[in-house]
Structure formats: C-alpha cells, structure tokens
2 protein chains.
Amino acid sequence: MRRAPSRITSSDVAREAGVSQTTVSFVLNGTRGQTIPEETRRRVLEAAKRLDYRPRASARSLAAGRSDVVLLALPGVPISANLSRFIEQFAAALAEYGLSLVTHLAEGRPLPDLCAAVDASAVVSLIPFDDETAQALRRAGAEVVLGAGEQGSAGLQEIGRLQARHIISLGRDRLGYALPGGHASQWRVQERLRGVAAECADSGLAEPVAREVEMDAEAAALAVDDWVAESVTGVCAYNDETAIAVLAGLHLRGLRAPQDIAVIGVGDVATARVSIPALSTIGFDYAEQGRELAQAVAARLDLVSEPVPAVEGIARPRLILRASA
Amino acid sequence: MRRAPSRITSSDVAREAGVSQTTVSFVLNGTRGQTIPEETRRRVLEAAKRLDYRPRASARSLAAGRSDVVLLALPGVPISANLSRFIEQFAAALAEYGLSLVTHLAEGRPLPDLCAAVDASAVVSLIPFDDETAQALRRAGAEVVLGAGEQGSAGLQEIGRLQARHIISLGRDRLGYALPGGHASQWRVQERLRGVAAECADSGLAEPVAREVEMDAEAAALAVDDWVAESVTGVCAYNDETAIAVLAGLHLRGLRAPQDIAVIGVGDVATARVSIPALSTIGFDYAEQGRELAQAVAARLDLVSEPVPAVEGIARPRLILRASA
DNA sequence: TTGAAAGCGCTAACAT
DNA sequence: ATGTTAGCGCTTTCAA
C-alpha cells in the first residue's frame, strides 16, 4: 500500500527535546501520577511546537483502546440556525474534554458501519435509538450510545401542546393540524400531533383536523378548504415551512391570518419572522444543552471526576413561544 | 487507562475459520496479487459474518499509513435540502471507494486540529481553502485537500450575474443588492455582489445600490426606502432569507413585488415557493457533483486505476433560475 | 496457496 | 524523574 509521507512522530519530538519518547507522551497527555519537572515539560512542549507535532490519532486510539471521536448522527435532519448553535456548543464543550465532534448527515449508510469506520467511542443522536441499533453500535465499538431524546415522547408532545395552547388562548375552539408533505420522521410528526390532540382534549375541544400540506400554495389551499369546511379557526403546523405554506394557502383563498384562521409553526426559522403575515412559532432554546450533553458523554466515558450531572432533560431544549401578534 | 471491552479481532476470525490472520486480511481486503481459493475465501467470509467482525479503524489506519476518512468541512453553512442531497450522494459515492464521509459543522475549532483528531486522509470544502489553511491541513496529515470551489470566484460571480440578468430581463434598469445581516462569509457576499455589478456594467447600467438587510420587516423597510429614493426597481438578494425580508419590507411600505420592485433570491429554499408573493430564486443543482467530487478525491488518493476524470467544474453546481412569475 | 514476523506510532506498566 | 519494554490490531513483506 502506498504510504503517506511520514509525519512528525513523538520520537522526533523526543530527540529534539533530548528526552525519551515516553516522557513526551507523559508531558503531552498530562498523565497524572507522574512528576515531570517544569524544565523538562517546557523543553518537550517547545520541541513539539517547533516541529508542529500532532499525535497520530490512529496510533493513540489503538494504544489507548479508545478514540477521541464523538459522532453526532443527524440523518436527514434539517440544520436550522438553532441547531447549528447547539452543535457549535456541543463541539466546544466536548473539546474541553479532549473529544472531537464529527457529524453524520447522510442517511444511506448504516450508522454502525460509519461508527466503526471512524472508530467513534461515542455516538449521539437527538432522537432515541431503537434497541437493535443501539446494540449494533455497541458492537461496532461505541462505548457510549446516547439517544438524547430518550426521556421519551413527552418532549415532542409538549411542543404540540404548547402550540395548541397558544391557538386556544386566542379563542379558537376548532383546531387543524398541518402535516408536512414529503418524508419527515413519522414518529416525530405523530408525537407532535398527539400533543395537540391531548391539549384539545384537555380543553374539551374536538380532535384536530389533520391534513397534509405540500410546499405549494395551491396544494395548501386545498387543505385550507377542508379546514374551512370543518369550521377550523386555528391551525398548528408541524414546522415553520409547512406553516408558511398554510399562510400562502390562506392568502390564495382570500383569507387572512390570524383573523380568519390563526397559524402557528415550529422551529423559529429566520423567514418566519418576515413572513406575511408574521408567523407565531415555537422556538427551541438549546442554550445549555450542548454543554450538558457533552458532560453526559464525558461522564460516561469516565472522563470526569466531578459528580455526574443528572441526565434528566438533556437535549430537551426549553421551548419558547414566539407569538407574532 | 480504562480499556474498552475488547472487540472481535481478525485473529478471532482467523481461528474461527481455521486460517492465519494474514489470510483473513487478504480475503477481507481483496488484496490483489494474492490467489485465495474460493473455498478459503468463503470460510473466512462466513466466519467474519458469524462473529460480526468489524476491523478496527485505528489499527487499519496505523498499519496502512492512511485512514478511510474523508472530512467535509461545512463551517456555518446552512444545510439546504439541495445540499443534503449532495452530501448524500457524495457519501454514497465515496463509500464505493471504501471511504467514509464525516462532516464538520462547527466553526469554533481550527480545522487542522479536527483533521488530525479524526485522522482524515482527505479534507474537502465547498469553498476554497486559503494557502495557509491548506498547508496546515497537509501538515495535519491530510493527503488530499480539496477546496471544491477552487476554479476561483467565477462560480460565485456567475450567481450574481444570473440574478441580475433575470431582473434586467424584466426591464428594470436600476438595481439594488440586499446584503445579509449577521455574519455570512464576506468573501461569498462580495463575490456575488461583484457578479451583479459586472452584469450591470455589461448592460450599461449603474452600480447596484447595496444595503444591509436584517431579518426584520421594519429594518428591511429602511433599506427599501433607500432603494426607492435611488429609483431602484429591482433587487438581487444574497439569499432567499434576505430576499423574503425584502419582500416584508416592501409590504410594510405598501409596495408590491414585482410591480414596484422585483426581487430575486438565491438558494431555492422551501419557503421561497410559498412566500407572498412567490419569490424568484437561483437554485443549485448538485445532481452529479457528489459522484464527481468523490471520484476526484479517490483519484488523488490513488484509489482508482481508470483514467482520472477532469477536475474541471467539480462542485460547480449547475445554476437554475426559478422565476416565480 | 498460506503463514510467520516485522513494524505502524503511540500508551502505560514496569524498571531504574 | 526518566527510560525500557511490551503490546494495541492490523498490513505487508518474505519465506515456506
């Protein structure tokens, strides 16, 4: 096999610093239980910097029996600005534990394969793994497998409930639900719808009228027709895109939001703020989630000595109602 | 160091199949120049499957001197549906060469660090790397560094030109440009604007009037005021989000698109199709780009024997004008 | 056609 | 306080 031009190794650094390779390893890893004099430390560090030394990850992983790689699985998940911020945070927090985050966006390949291919020691997802997948991931070498929505469907339902509550608080007593066209995760869709239905039930209202809404004004208008026929006066949409499509459908029928039918989305995408009319939506505040998730991962990899924070609510972002009116 | 529970190794497979570990390696890698009888092959393959054997990536990389990991850097790039499709394709095509794709979405960490941390043998980006970064990546162990927009800024400018051409074809003779609020890649922004300016110049029109537009109807209206004062009748926006903000600004001022001011975006995001009024936009067709990019990467890693396809135009997606009217 | 053996660059016991 | 040494699991040369 063709070999890559060989890089600087820790032996090179050792030679440069005039110490043994072991000492280099100790210094660079801050290995505890070793007493390295400051002078030696400095020499090693300087040599490493001078040579622009970077340990070879594969050698480290092989020797240590574990890699520093954390894999975040986001198959087919649209990356909203919010989620971006979360990823940013998560990566930064992991880095403090010496862990590196990579993401997997493609759906094609079996996750365990990829997991093995990058030698990830932890795999994290924002939706629960089914047991079979979790097992496969463990067999593929992942020590930590964290489906961060593991608390169950409560969180998803809560989104639907919050939407419904808002619409109901506007005095609407017959609700519709806009299902996304295309192929969104059916599990998510159903859970959110269930939340809306639950809130309706709690308020003594009838079941929400669910209709699929494609990203097309004309198609959305058909759904609107149905809702009008059913005297629906408020619509909860699966996401902001779908909600904006509903807005377009209403516009096409000469109806106005929120006067005729109030609409609320989910996601707080940028365009929701400047849609016509402005859209009410549920935003996610991932503020501290990245850090918490990183802690959980590090803890399960035995990388922290401090007391492990409760895993409760991890990656259950705070929900924020952004009412437009 | 705590060791992970040890996984199945190729020696286990060798024992199970009753052959040497070397033979297992030969069979599993389809090493050329070796003559393994079908019977042995079968035994090894079966044993591997029976044990659910997965080679340890770090050991492979260490021994082979190169990993199978390709890193796609997408720092802060919003992942549109189009881009998702591209990533999907790219990953699938890479897999055919035995390469695994991981993506890097966070901006915080220096790319070379991450590159070294995952031991990537190739790093790909959709925008050019500056020389310094490219060098750093090579030193970090990347054999292949591919800034896929490397053909220069022509592609980005072409986007602006296409926008301007459309607006001009609508009979508008004074153009505005809507700069994105927040922190988009200034390089991209300027290149696209340059494209608009170039097209204006070619048509004998004045320089486009550039204004920043935040994601807020009121803020957008201020930009609109400026454009009206300058007799602008057509606006090219950096992206669809900004374009939709402009639409909101127009609406707030009682102006109509495209009658008073025509607007065109970039990105073909889902909401553009159902904005009010519907937005014209420039879409990207990544149809074959994923496969081509994968081929280029594989070729540069000497993984292909066939003639290397021309690198021309790689990841220069076809541009598609989606006129709304 | 197969196997033995020597590393790949690093970590971590175990000396010194 | 530092060095010696034995692997980690695999690829690949060379010998059988």
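Below, chains carry the letters A, B, ... as their sequence lines are ordered, and counting in each starts from 1.
- L28(A) has its CG atom 11 Å from the C1' atom of dC10(C), to the nearest Å.
- Salt bridge annotation for D119(A)-R66(A): absent, with no cationic side-chain nitrogen under 4.0 angstrom from a carboxylate oxygen.
- For the pair K49(B) and E46(B), the salt-bridge criterion is not met [side-chain N within less than 4.0 Å of a carboxylate O].
- Both P37(B) and A59(B) sit near DNA chain C, but only P37(B) has its closest nucleotide nearer the 5' end.
- We find that CZ of F26(B) is positioned 10 Å from C1' of dT1(C), with the value rounded to whole Å.
- Rounded to a whole Å, the CZ atom of R56(A) is 17 Å from the P atom of dG7(C).
- Side chain of S61(B) to main chain of A57(B): a donor-acceptor pair is present (N/O by atom type, distance under 3.5 Å, no hydrogens or angles).
- Between T23(B) and dT1(C), a side-chain N or O to OP1/OP2 separation shorter than 4.0 Å is absent.
- If you take CG of N29(A) and P of dA12(C), they are 7 Å apart, rounded to a whole angstrom.
- Counting any heavy atom pair closer than 4.0 Å across all strands shown, S25(B) reaches a base atom.
- Look at Y53(B) and you won't find any side-chain N or O under 4.0 angstrom from OP1 or OP2 of dG9(D).
- Among the protein residues, T40(B) comes within range of the sugar-phosphate backbone only, with heavy atoms under 4.0 Å from sugar or phosphate atoms but none that close to a base.
- Annotation: side chain of T103(A) is not in contact with side chain of L74(B) (no heavy-atom distance under 4.5 Å).
- Atom pair D119(B):CG and dC10(D):P shows a separation of 16 Å (rounding to whole Å applied).
- We find that CD of E39(B) is positioned 13 Å from C1' of dT1(C), with the value rounded to whole Å.
- If you check distances only, the side chain of T22(A) does reach the base of dA12(C) with a donor-acceptor pair under 3.5 Å.
- Note: CD (Q21(B)) to P (dA5(C)) measures 13 Å, nearest angstrom.
- Distances shorter than 4.0 Å separate some side-chain N or O of S20(B) from OP1 or OP2 on dG3(C).
- At dT11(D), one or more side-chain N or O atoms of R60(B) fall inside 4.0 Å of OP1 or OP2 (strictly under the cut-off).
- Atom P of nucleotide dA6(D) and atom CG of L62(A) are separated by 17 Å, given to the nearest angstrom.
- A salt bridge is defined here as a Lys NZ or Arg NE, NH1 or NH2 lying under 4.0 Å from an Asp or Glu carboxylate O, and R300(B) with E143(B) fails to meet this definition.
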